[in-house]
Amino acid sequence: MRYSNTSQSSGRVRIWDLGVRLFHWSLVAMVALAYTLDEPRQLHRSLGYAVIGLITFRLLWGVIGTYHARFRAFIPSPMRLLRYLGDMIHGREARYLGHNPAGAVMILALLTTLGAIGVTGYMMGMDAYFGQDWVEHTHKSLVTLLIVLVAFHIAGVIFSSWRHRENLVVSMITGEKDVHDTESGL
């Protein structure tokens, strides 16, 4: 694969485009605010709508965006995921410029959970579901699941950063990664 925006002198390449980076950090901010600001209700609801808007953007960008933003570029087959996890256990997993298979599955889990939180949150405001305990219980359970997933996501970022000697947080800010020891440049 060719990288037209690789700096020959630094060995760095632009992986995360502005859309991916703005989505990521805006989602972090909106979710953190929605989680901490349950009141006033209208603010919490507005933050939830912002999250749904961000998810909608990411789903669209996952189809039409730049190479590393596209779902087809990083969603692994079940066998590829299992191979990668096995390699991780044995300390020999490949480094990827884009999302590794475990990170890709985490993205899908986070987007799905956030989408379900948005749906149940919206349902709580509808007349048809107002006062239905199961809707509020499901919403709260999904938020708990999200916290667990976020903890695993952060742990995975720290682990991969340590294992491959790169700062993934910085690369999600700058959009760039070093070109070294990657599997097929992916």
Side-chain angles (χ1 to χ4, degrees), residues 1-6 12-31 50-120 142-143 145-164 166-186:
M1 159 175 254
R2 284 197 177 132
Y3 294 103
S4 59
N5 48 357
T6 301
R12 297 185 63 75
V13 64
R14 174 67 44 105
I15 299 299
W16 310 122
D17 62 55
L18 186 60
V20 168
R21 290 179 286 141
L22 285 176
F23 161 77
H24 181 271
W25 295 114
S26 297
L27 189 67
V28 169
M30 294 300 110
V31 168
V51 168
I52 290 172
L54 287 168
I55 292 169
T56 302
F57 164 78
R58 185 60 182 98
L59 293 175
L60 179 64
W61 201 241
V63 175
I64 67 168
T66 58
Y67 178 79
H68 288 285
R70 292 184 185 182
F71 296 123
R72 68 182 167 99
F74 67 83
I75 296 179
S77 68
M79 282 308 299
R80 185 168 156 223
L81 173 63
L82 290 174
R83 257 191 323 274
Y84 182 81
L85 294 175
D87 287 346
M88 273 182 61
I89 290 168
H90 293 98
R92 61 176 186 248
E93 77 278 5
R95 176 184 175 260
Y96 287 75
L97 283 178
H99 296 292
N100 66 48
V105 171
M106 179 55 74
I107 290 167
L108 296 177
L110 288 166
L111 290 175
T112 301
T113 303
L114 283 166
I117 289 169
V119 168
T120 56
L142 288 165
V143 170
L145 173 61
L146 178 66
I147 292 167
V148 171
L149 291 173
V150 167
F152 274 106
H153 175 61
I154 292 169
V157 167
I158 292 168
F159 178 79
S160 286
S161 292
W162 169 76
R163 179 82 81 154
H164 299 293
E166 64 184 337
N167 190 328
L168 293 177
V169 175
V170 169
S171 71
M172 187 52 75
I173 293 169
T174 66
E176 295 182 347
K177 290 180 82 175
D178 285 328
V179 181
H180 71 277
D181 300 331
T182 59
E183 180 171 295
S184 306
L186 299 174

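- The backbone N or O of Ile173 lies less than 3.5 Å from a partner atom in the side chain of Arg21, making a donor-acceptor pair.
- Considering every non-hydrogen atom in both Arg12 and Val179, the closest pair reads C-CG2, 4.3 Å.
- Shown here for Leu168 and Ser161, the closest heavy-atom pair between the two residues is N-OG, 3.1 Å.
- In terms of heavy-atom proximity, Leu54 sits nearest to Met30 at CD1-CG, 3.9 Å.
- Atom CG of residue Leu22 and atom CH2 of residue Trp61 lie 11.0 Å apart, to the nearest 0.5 angstrom.
- With contacts defined as side-chain heavy-atom distances shorter than 4.5 Å, the pair His99/Ile75 does not qualify.
- Heavy atoms from other residues, nucleotides or ligands lying under 6.0 Å from CZ of Phe152 number 12 at most.
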Can Leu149 and His153 be said to form a side chain to side chain contact (heavy atoms under 4.5 Å, CB included), step by step?
CA-CA 6 Å; Leu149 291 173; His153 175 61; over 6 Å; no

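- Scanning all heavy atoms of the two residues, the minimum distance from Phe23 to Ile55 falls at CE1-N, 4.2 Å.
- Panel note: side chain Arg80, backbone Pro101; no donor-acceptor pair is recorded below 3.5 Å.
- The shortest distance between side-chain heavy atoms of His164 and Tyr96 does not fall below 4.5 Å.
- Distance check: Asn100 CG to Asp87 CG gives 11.5 Å after rounding to the nearest 0.5 Å.
- Listed for the Thr120 side chain is a donor-acceptor partner under 3.5 Å among the backbone atoms of Ile117.
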Please assess Phe159 against Met88 for the test side chain to side chain contact (heavy atoms under 4.5 Å, CB included), listing each intermediate value before the final yes or no.
CA-CA 10 Å; Phe159 178 79; Met88 273 182 61; 3.7 Å; yes

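- Paired with Val150 under the rule side-chain contact (heavy atoms from CB on, under 4.5 Å), one option of Leu146, Val148, Ile147 passes, and it is Leu146.
- Note that the CG atom of Leu27 and the CG atom of Leu111 stand 7.5 Å from one another [nearest 0.5 Å].
- Residues Lys177 and His68 are not in side-chain contact: their nearest non-hydrogen atoms beyond the backbone lie 4.5 Å or more apart.
- Around atom CZ of Arg92, more than 12 heavy atoms belonging to other residues, nucleotides or ligands sit under 6.0 Å away.
- From Met172, atom CE reaches atom CD1 of Ile15 across 10.5 Å, with rounding to the nearest 0.5 Å.
- Between the side chain of Arg58 and the backbone N or O of Ala69, at least one donor-acceptor pair lies under 3.5 Å.
- Annotation for Pro76 and Val105: closest pair CG-CG2, 4.1 Å, computed over non-hydrogen atoms.
- Taking CG of Leu59 as the reference point, atom CD1 of Ile64 lies at 11.5 Å (rounded to 0.5 Å).
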